[in-house]
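Worksheet: one structure, shown below.
A quick note: this is a predicted structure, and the numbers were derived from the prediction, not measured.
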Amino acid sequence: MRPAPTILHLDMDAFYASAEQAAKPSLRGKAVVVGGLGPRGVVATASYEARRLGVHSAMPTAQARRLAPNAAYLVPRFSLYRTVSDQVMELLGRLSPLVEPLSLDEAFVDLEAGGTADDSASARATGEGLRTAIHAVTGLSGSVGLAGSKMLAKIASEEAKPDGLLLIEPGTERELLAPMSVRILPGVGPATGDHLRRAGMTTVHDLAEAGEAELVRLVGKAHGHGLYRMALGLDDRPVVAERDAKSVSVEDTFDVDLHDRVRVRAEVERLAVRCVERLRAADRSGRTVVLKVRRYDFSTLTRSETLRGPTDDPTVVREAAGRLLESVDTTGGVRLLGVGVTGLADYTQEDLFAQAADARELAQRAQEHSSPSVEGGEESIPEPEPDSAELLAARRWPAGHDVHHEEHGHGWVQGSGVGRVTVRFEEPWSAPGRVLTFRVDDPLLRPADPLPLVRDAADYSSWPASLPKSRSGADSSGGGESSP
């Protein structure tokens with residue numbers, strides 16, 4: 001624990017949904033749900049308007065549609081989210097050399113290591129300045145928590161949502177934590193929370209009063225010891241600048257169970273190439289190929305094969321995944337497939353197992369048949385059946401994705417069906433635009449790249465030295481819902 005609140009936790013507010021609202025003027029102030037849109041899709045992020053209707057992340061999209069039938073349901077645009085995330089992380093990097101990203105929209109920052117804060121006043125000023133900079137550069141809001149430890153900084157940012165800042169003064173930790181639910185503590189999920197509830201412990205105060213010996217008896221030595229320390233507000237974990245990934249993987253959940261063995265094999269090959277694309281994007285290679293198969297009865301099987309050396313060759317990974325598939329019985333149907341690579345390294349060993357297949361041709365073919373997926377641990381966006389013209393059109397024109405028409409300019413897809421695609425023509429800085437419908441094969445309509453969310457962003461090249469220390473109307477205490 002530090003004597004000053006110099007650990008900062010930033011969490012962007014409803015990140016995917018907020019980015020979509022910023023990009024689409026007609027959706028501002030309305031319920032927006034981002035995620036998989038098929039029968040087995042799941043919600044990645046819901047806007048605060050949708051959350052008030054009961055929609056939340058990881059909820060099946062079908063359930064979300066029942067709760068919020070009039071919401072806008074959009075397929076994720078990860079190219080946009082990564083661009084915005086890079087802008088935010090670049091701002092954080094100016095505050096300190098110790099920035100620990102947890103996801104695209106969340107990170108810890110050690111302000112003391114960067115010399116940007118050494119007491120409560122300077123920490124608060126830096127946090128407010130960060131929120132100002134993020135809003136000016138990206139058009140989005142983020143919530144900031146400041147405390148003497150990572151655990152408390154994260155709790156503070158949750159309590160500050162949406163669009164707020166909360167600073168926990170050292171020495172007040174136990175008083176703040178005492179009335180909170182045990183679920184606020186890291187590592188206390190539904191199962192552990194229910195187990196503690198049955199033992200009569202529902203608040204952090206209950207845990208502290210129970211004592212370490214009782215918690216060890218209830219949940220085991222390692223977990224009990226850590227739980228007791230957290231209940232006392234103790235956390236000595238440092239902010240770590242580099243977090244090495246242990247694996248890279250991709251997976252898809254299918255609208256209809258796959259029974260055709262040839263189709264299953266083709267999907268495994270496509271996933272293998274997508275996995276290698278992510279591997280190469282991270283400048284890594286891997287030694288162990290892992291195949292994941294979830295069958296019709298929800299039973300999940302994993303198979304792995306360790307190569308003689310690390311590789312980032314799509315043909316090597318494809319063939320290894322294919323060999324693993326041979327050992328799995330898929331006759332009853334397959335609802336999910338995944339391919340991953342573990343044992344990561346920063347070098348490669350040349351082709352060990354590849355036969356005559358051309359990796360470039362394979363990658364190109366897989367790219368033509370790929371569909372986006374939800375990151376961060378949720379199930380992927382379902383892959384439509386290739387023999388359906390309507391589903392192929394939906395794949396080409398995903399709801400929410402950018403398009404450009406030679407006559408009407410930039411817009412985004414509201415939906416497609418019956419051989420038609422409906423587009424709303426507007427830009428992030430325009431008024432809500434008009435809606436037009438075209439044939440799905442209209443030669444004047446093409447997919448487009450996302451536009452920046454802020455057209456004339458303020459110049460923050462000298463930030464943080466020249467940054468104003470507070471934002472007009474900013475709430476210094478915060479509160480409200482949490483963001484995924």
Can you find a pair of side-chain heavy atoms, one from Ser285 and one from Thr311, that are under 4.5 Å apart? no
Nearest 0.5 Å, please: how far is CG in Leu91 from OG1 in Thr132? 11.0 Å
Is the closest side-chain heavy-atom distance between Leu146 and Leu111 below 4.5 Å? yes
Step by step, would you call Thr300 with Arg294 a side chain to side chain donor-acceptor pair (under 3.5 Å)? CA-CA 4 Å; Thr300 301; Arg294 181 168 298 156; 3.1 Å; yes
How many angstroms lie between OG1 in Thr330 and CZ in Arg335, if you round to the nearest 0.5 Å? 15.0 Å
Side-chain donor-acceptor contact under 3.5 Å, Tyr81 with Glu20: yes
Hey, is Glu106 close enough to Lys154 for a salt bridge, meaning N to O under 4.0 Å? yes
Would you check, one step at a time, whether the test side chain to side chain contact (heavy atoms under 4.5 Å, CB included) holds for Arg274 with Asp252? CA-CA 11 Å; Arg274 283 176 53 196; Asp252 273 346; 3.0 Å; yes
Pick one: which of Val88, Thr45, Leu104, Val34 meets side chain to side chain contact (heavy atoms under 4.5 Å, CB included) with Phe15? Leu104
Please evaluate residues Met151 and Leu185 with respect to the criterion side chain to side chain contact (heavy atoms under 4.5 Å, CB included), reporting the C-alpha separation (whole Å), side-chain torsions for both, the decisive distance (0.1 Å), and the verdict. CA-CA 8 Å; Met151 180 188 77; Leu185 299 178; 4.2 Å; yes
Asp110 and Ser96: which non-hydrogen atoms are nearest, and at how many Å? O-OG, 2.6 Å
Is any side-chain N of the basic residue among Arg280 and Asp312 closer than 4.0 Å to the acidic one's carboxylate O? yes
Correct closest heavy-atom pair for Val289 and Ala321 would be CG1-N, 4.1 Å
Taking atom CZ of Arg82 and atom CG of Leu80, what is their separation to the nearest 0.5 Å? 11.0 Å
Note: Lys30-Glu49 ion pair, threshold 4.0 Å (strictly below): no
State, to 0.1 Å, how close Leu291 and Val328 come at their nearest heavy-atom pair, and which atoms those are. CD2-CG2, 4.5 Å
Of all heavy-atom pairs between Arg396 and Asp441, which one has the smallest distance, and what is that distance? NH1-CA, 4.4 Å
Less than 4.5 Å apart, side chain to side chain, heavy atoms only: is that true for Arg65 and Leu37? yes
Identify whether the distance between the nearest side-chain nitrogen and carboxylate oxygen of Arg323 and Glu305 falls below 4.0 Å. yes
Taking only Lys NZ, Arg NE, NH1 and NH2, and the carboxylate oxygens of Asp or Glu, determine whether Arg229 and Asp236 approach each other closer than 4.0 Å. yes
Does CG belonging to Asp449 count more than 12 external heavy atoms closer than 6.0 Å? no
Can you confirm whether Arg295 sits close enough to Leu301 that some side-chain heavy atom of one is under 4.5 Å from a side-chain heavy atom of the other? yes
If you look at every heavy atom in Ala46 and Ala14, which pair is closest and at what distance? O-CB, 3.8 Å
For the pair Glu267 and Arg270, find out whether any cationic side-chain nitrogen is under 4.0 Å from an anionic carboxylate oxygen. yes
When you measure from the side chain of Trp397 to the backbone N and O of Val413, does any donor-acceptor pair fall under 3.5 Å? no
Dump the intermediate steps for side chain to side chain contact (heavy atoms under 4.5 Å, CB included) on Arg2 and Ser149, then the final yes or no. CA-CA 7 Å; Arg2 296 185 177 183; Ser149 70; over 6 Å; no
I'd like to know if the side chain of Ser249 and the backbone of Val339 have a donor-acceptor N/O pair within less than 3.5 Å. no
Between Arg265 and Asp260, is there a side-chain N and carboxylate O pair less than 4.0 Å apart? no
Start with the C-alpha gap between Asp105 and Tyr16, add the side-chain angles, then the distance that decides, and say whether side chain to side chain contact (heavy atoms under 4.5 Å, CB included) holds. CA-CA 9 Å; Asp105 63 332; Tyr16 297 171; 6.0 Å; no
Is there side-chain contact between Pro25 and Trp429, with heavy atoms separated by less than 4.5 Å? no
Mind checking the CG-OG1 spacing from Leu336 to Thr253? Nearest 0.5 Å is all I need. 4.0 Å
Quick one: CZ on Arg308 to CZ on Arg287, what's the gap to the nearest 0.5 Å? 10.5 Å
Nearest non-hydrogen partners of Ser304 and Thr288, listed with the distance: CB-CG2, 4.0 Å
Side-chain contact, heavy-atom cut-off 4.5 Å: Trp412 with His401? no
Arg420 to Phe438 six-membered ring, cation-pi geometry met (6.0 Å, 45°): no
Sub-4.5 Å side-chain heavy-atom contact between Tyr460 and Val137: yes
Check this for me, if you would: do Arg455 and Glu427 make a salt bridge, where the nitrogen-to-carboxylate-oxygen distance has to be below 4.0 angstrom? no
Hey, are the side chains of Leu445 and His408 touching, using non-hydrogen atoms and a 4.5 Å cut-off? no
Distance check, rounded to the nearest 0.5 Å: Ser141 atom OG versus Arg131 atom CZ? 8.0 Å
Ser143 and Asp11: side chain donor to acceptor below 3.5 Å: no
